[in-house]
Amino acid sequence: MSSPATILAAPDVTTLRVGILYTGGTFGMVDRGDGLHPRSGIDDEITEVVEDFAAATGIDVVVRYTEFDDVIDSANADPATACRIAARVRADLGSTAPDGVIVIHGTDTMAYAGARIAFELHDVEVPVVLTGAQIPLGHVGSDARDNLFLALNSIAAQPGPGTFIAFGTALHPAVRASKRSCDGYDGFATLCELTPPAARPAIPAPRDLRETPAPVGLFAVFPGVDIDLLDAALRIYHGGVVLECYGSGTMPLDGGRTVEAIRRATRRGTPVVVITHCDSGAVDLGRYQPGRAMLEAGVIGGADLTRETALAKLAYLTGLGLTGSELHRWMTTNLLGEISNSLAHQ
Ligand code: ASP
């Protein structure tokens, strides 16, 4: 694991214009007797926290606050949710030109959403900072207020463009972050240092698609995995599958059935991206025989992409209409710092 970016203390700014979009999550939840539920209408509480931040820092904060009509537990997020958030942020940026935007989001899928938002908003010039909480606002021991302070302070520290997760004591680059604790105040980790490309590649413009993009999914291997299950996943998520393998990219070959299932999928046009379940290191498909067999069956090596970012990037690029060798090239190109430069397509 790598250390996250340090947030500059006491930034030299006197005014801050911030958009805050509340989408749900524990941050604003309430217990109605049967467990925590999302709650809407937290604008007064947010105003109070922002006023406290302004008083503590001496920064004059101007906030434009909005909420989703249907605030959710982020466990209910679907692939469209992050795109919807990105579209809302983009629309708000156009109309209000803030110094940055804060998205309050559930922590369970925050890293997935953050990665997707990072690709969707790769051309945006201000920071987009996701935050949330392990304990709801106003509850004993809540981290909601501190995390919102951190998000505001992160924008005041002017980290430059990009999508980040502000949580606990750290600001994590979204494309390298992962939730690593269900209850710890520092619930997220930066799995690998952000490695921005020397020059920002010109990400292709969306093709003129007649159909909605096919579903993209994630499949994790485990000892005893039934290859019929993998075969089913490759058919259901025919838009593309991130295959989370062991170590440097291995999995049970099941007497050749694994490679056959993968080859059938890649021939049908379903891209398969291999990542590692390890928190550090990278996929090296040439190292072991199973990896080589998968390479021959047409998989794409996912280098050191995190699970969340691999899924977001594959969905984003296939959503643009990229296929075949072109998809392979862009999937292995370092677009935002999500792949180490030494491992990326040059
Ligand atoms: N289940 C909650 C959510 O992701 C957890 C959280 O926000 O911490 O919406």
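We count ligands from 1, going down the list as the structure has it; atoms in each ligand are counted the same way.
Among D183, V71, T107, I135, the residue whose heavy atom lies closest to atom 8 (O) of ligand 1 is T107.
Ranking protein heavy atoms by distance to atom 1 (N) of ligand 1, first place goes to D108 OD2, 2.7 Å. Nearest protein heavy-atom neighbour of atom 4 (O) of ligand 1: S74 OG, 2.6 Å.
Interface atoms of ligand 1 facing G25, defined by a heavy-atom separation under 4.0 Å, are 7 (O), 9 (O).
Under a 4.0 angstrom heavy-atom cut-off, A133 registers as being in contact with ligand 1.
The minimum heavy-atom distance linking S340 with R176 is given by the pair N-NH2, 3.2 Å. In terms of heavy atoms, A166 sits closest to A151 at CB-CA, 3.9 Å. The nearest pair of heavy atoms linking L243 to M251 is CD2-SD, 3.8 Å. Annotation for A156 and I59: closest pair CB-CD1, 4.1 Å, computed over non-hydrogen atoms. Summarising the geometry of M29 relative to P136, their closest heavy-atom pair is O-CB, 3.3 Å, with the distance given to 0.1 Å.
Looking at ligand 1, you'll find an N or O of T26 within less than 3.5 Å of one of its N or O atoms.
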